[in-house]
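Sequence positions, counted from 1, serve as the residue numbers for this chain.
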Amino acid sequence: MLLQVKNLSYSRGTKTLFNDLDLSVSAHDKIGLVGHNGCGKTSLLNLISGQAEPDAGERIVQRGLRIGLMEQFIPPTISNLSLLDAVSKALPTENQTTELWRAEAELNALGFTEQQFGQTISELSGGQQNLALFARARLQDPDLLLMDEPGNHMDVLALQQLKRYLDQARDITFIMISHDRELLDDCCSTTVFLRDLTTYHFKLPYSQARDALAEQDAQAQHRRIAEQKEIDRIRASSKRLAHWGHTYDNEDLARKAKTMALRAEKLEAAQTFVSRGSGLDLKIKGQTLKSKTVFTIENLQVTVPGGERTLLTCEHLVANPGDRIALLGANGTGKSTTILRLLQAHKEAEADLRFNPNVSIGYFDQELAGIEGRQSRFDWLHQQVDLPEDRIKKVLLNAGIAFEDFGQAVGSLSGGEKARLTFMLLALKQPSLMILDEPTNHIDLESREQLERQLIEAQSTLLITSHDRSFLQAVCNRFWLIRDLKLIQIDSLNEYYDGLQEGFQQKLVPNSSSNITQATVGAVDAFNSDPDKVLARIQQLEDLLAADRARKPKFQKPDRHLAWQQELQELWAKALGE
């Protein structure tokens, strides 16, 4: 047993999140933590890590336990640092220079190249930023790793890198909050559902656990119905006996009636509990534009901010009313930048991006920027739209937000709650064009399915980026792809994902042979012109081996040992003239 929380109770503002909650974590556990938005998943991780204190209950931690936390969002203190500097900052201050190689090794294992080490965190795509946060957490050498939605923003390639890493690190113990069904199924052997102020545990991957929970709920509902029938029967008999006792002035019948009424009360108090569910609802409304086109792209060039580099060009594309367009492309190809260019062109007329003058836009920002500070939910919405207060209150209530929570500060909301607030804004605005940048990030699995239905029924034209394949397949009817610096139309989603998978398989041609050969050939060639450089490389490799072997076995990198040893063999053979 590494850690245990017992009889945990915790409230946030007026809302009770946990009541007598129990959870235990043993070595090598791989736990998926699942629950609806706002149920307290992030708060539970903060309590487990010791960053927050419970209202009641106890936290029992194995002596010397190291807990690593992968945050949900990029800390502002590292956003302007280079990738390598941001990751190495997770090392103890005194080791940040001598153990820089560890940061490099973690980044290499996650698929980053040395050319990317100098890019600032803010320049990386959302998926790359999440991989960097994961590398930072791993550098803390945790016995228990806590991950808050690690798969958010990640494209297929980044997600495959994360899955592969977690699969190979068999000794790792972790708790992962995620709304990604495949990630949970592939990486977690235990699922914990957080709902009804407590936890439901299953030693099963998510999909099997969800079926088991549904079966458990169905049985509870069946028992509850049978118990209610018995309670109703007893109460009817009690009422009848009481009536007869009064009519015939019979104390014995009246006494039996009271006994039966008390029995009904006891049965009611002991009734089987049936989950109340989340109570949350997603409702999105839009409108159909009565015109031939929504916007037209003609000879477009999209550059990085500042215009130093071209991200993509597009010869000609047209969005029509009713189109539900998926904007596809690997992380870093320019999807979010293209969306920002569209938003800018809607405000300022541009020749290469022409909008119908009657188009109204609703925008979902994957970073959820602007939902910060002490403004209440109600005040934030009221500031965004010029609508009657009653209309705003109705949207909040229809979304399942209790009246007493209208005043909760938006800065204190979880990522999922902020996402829901953005969807409420779309419901109020009813735009004719919705531009949705990663709308499935942060929202729970059941809400994703609901969002699919709502978007199809919304009647708006849609432009969507998402890494959720099943979501795009269900919602979209057109597919635009950024590939080879060009924005083009393709016929199907499979065309894009099949190409990505082929690329990933090519990258997997083992690190060991391709990387070693390339590194060794480069070093041997360098020896012919400068032997000192090769001898310095030999010293560096021997230092890396010695340092890694000095670590605990579970933190060593055997695959890298092999690579370093093979490179050393080649270098010594050349140095000795063999």
Side-chain angles (χ1 to χ4, degrees), residues 11-17 35-40 42-43 73 276-290 343 346-347 355 357-444 446-448 450-462 464:
S11 297
R12 190 180 64 188
T14 61
K15 185 176 182 180
T16 300
L17 293 178
H36 64 77
N37 295 137
C39 70
T42 298
S43 295
F73 300 104
R276 294 182 292 272
S278 72
L280 299 174
D281 200 10
L282 273 178
K283 293 186 184 298
I284 300 174
K285 292 182 180 179
Q287 53 182 300
T288 303
L289 190 68
K290 295 180 179 178
L343 294 171
H346 183 248
K347 295 177 182 177
F355 280 86
N358 297 319
V359 169
S360 59
I361 289 184
Y363 173 49
F364 182 100
D365 171 21
Q366 65 166 300
E367 301 297 337
L368 302 172
I371 311 181
E372 296 295 340
R374 297 181 179 179
Q375 268 189 314
S376 69
R377 275 186 170 109
F378 176 83
D379 289 341
W380 187 85
L381 287 171
H382 197 244
Q383 186 182 50
Q384 309 297 317
V385 290
D386 184 18
L387 291 172
E389 291 186 0
D390 287 348
R391 176 101 174 265
I392 297 171
K393 290 176 182 176
K394 185 177 180 181
V395 165
L396 283 163
L397 290 169
N398 285 343
I401 307 300
F403 184 78
E404 56 268 24
D405 292 327
F406 282 13
Q408 187 175 357
V410 295
S412 69
L413 301 178
S414 69
E417 290 172 309
K418 288 180 179 180
R420 286 179 173 276
L421 194 62
T422 306
F423 291 130
M424 291 177 219
L425 180 59
L426 292 177
L428 287 165
K429 284 187 170 182
Q430 298 188 15
S432 55
L433 170 62
M434 293 189 201
I435 298 179
L436 310 176
D437 193 0
E438 301 285 0
T440 56
N441 282 352
H442 306 296
I443 63 171
D444 58 72
E446 292 183 8
S447 296
R448 288 190 186 197
Q450 192 179 33
L451 180 61
E452 291 174 7
R453 297 192 297 270
Q454 290 290 315
L455 289 175
I456 292 170
E457 296 169 3
Q459 299 183 328
S460 293
T461 301
L462 307 176
I464 305 173

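One finds the CE atom of M434 at 9.5 Å from the CZ atom of F423 (value rounded to the nearest 0.5 Å). Taken from CG in L436 to CG in L451, the straight-line distance is 7.5 Å, to the nearest 0.5 Å. To the nearest 0.5 Å, the span separating CZ on F355 from NE2 on H346 amounts to 6.0 Å. One distance of note links NZ of K290 with CG of N358; it measures 11.5 Å at 0.5 Å rounding. Here the straight-line distance linking atom NE2 of H36 with atom CD of E417 works out to 9.5 Å at 0.5 Å rounding. The line from CD of Q450 to CG of L455 is 10.5 Å long, rounded to the nearest 0.5 Å.
Listed by first then second residue, pairs satisfying ring-ring contact (aromatic ring centres under 6.0 Å, His included) with a partner in residues 388-422 read F403-F406, not counting sequence neighbours. Listed by first and then second residue, the salt bridge (charged side-chain N to carboxylate O under 4.0 Å, His left out) pairs involving residues 399-412 amount to none (not counting sequence neighbours).
Closest non-hydrogen pair, L433 versus V359, comes out as CB-CG1, 3.9 Å. Residue L426 comes nearest to Y363 through the heavy atom pair CD2-N, 4.0 Å, listed as atom of the first residue, atom of the second, then distance. The minimum heavy-atom distance linking S447 with N37 is given by the pair OG-OD1, 4.4 Å. Closest approach of R448 and I443 over heavy atoms only: NE-O, 3.7 Å. Here the shortest heavy-atom pairing between W380 and V410 reads CB-CG1, 3.9 Å. Scanning all heavy atoms of the two residues, the minimum distance from L421 to R377 falls at CD1-CG, 4.2 Å.
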Report task. Apply the test side chain to side chain contact (heavy atoms under 4.5 Å, CB included) to residues D444 and R420: give CA-CA distance (whole Å), side-chain angles for both, the deciding distance (0.1 Å), then the verdict. Result -> CA-CA 10 Å; D444 58 72; R420 286 179 173 276; 3.5 Å; yes
Query raised in the report: Could you walk me through whether I401 and M424 pass the side chain to side chain contact (heavy atoms under 4.5 Å, CB included) check?
Result: CA-CA 11 Å; I401 307 300; M424 291 177 219; 3.8 Å; yes
Requested in this report: With side chain to side chain contact (heavy atoms under 4.5 Å, CB included) as the test, would you mind laying out the steps for I435 and I361 before giving the verdict?
Outcome: CA-CA 7 Å; I435 298 179; I361 289 184; 4.3 Å; yes
Requested in this report: Decide salt bridge (charged side-chain N to carboxylate O under 4.0 Å, His left out) for R374 and D379; before the verdict, give the C-alpha distance in whole Å, the side-chain angles of both, and the deciding distance to 0.1 Å.
Outcome: CA-CA 10 Å; R374 297 181 179 179; D379 289 341; over 6 Å; no
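With Q430 contributing its side chain and Q287 its backbone, the two residues share no donor-acceptor pair below 3.5 Å. A donor-acceptor pair under 3.5 Å links the side-chain atoms of S432 to the main chain of S360, judged by distance alone. T288 contributes a side-chain N or O that, together with a main-chain N or O of Q459, makes up a donor-acceptor pair within less than 3.5 Å.
Note on ring orientation: taking the six-membered ring where Trp is involved, the planes of F73 and H442 are tilted (angle from 30° to 60°).
Look at D365 and K418 and you find no salt bridge, because none of the NZ, NE, NH1 or NH2 atoms lies under 4.0 Å from a carboxylate O.
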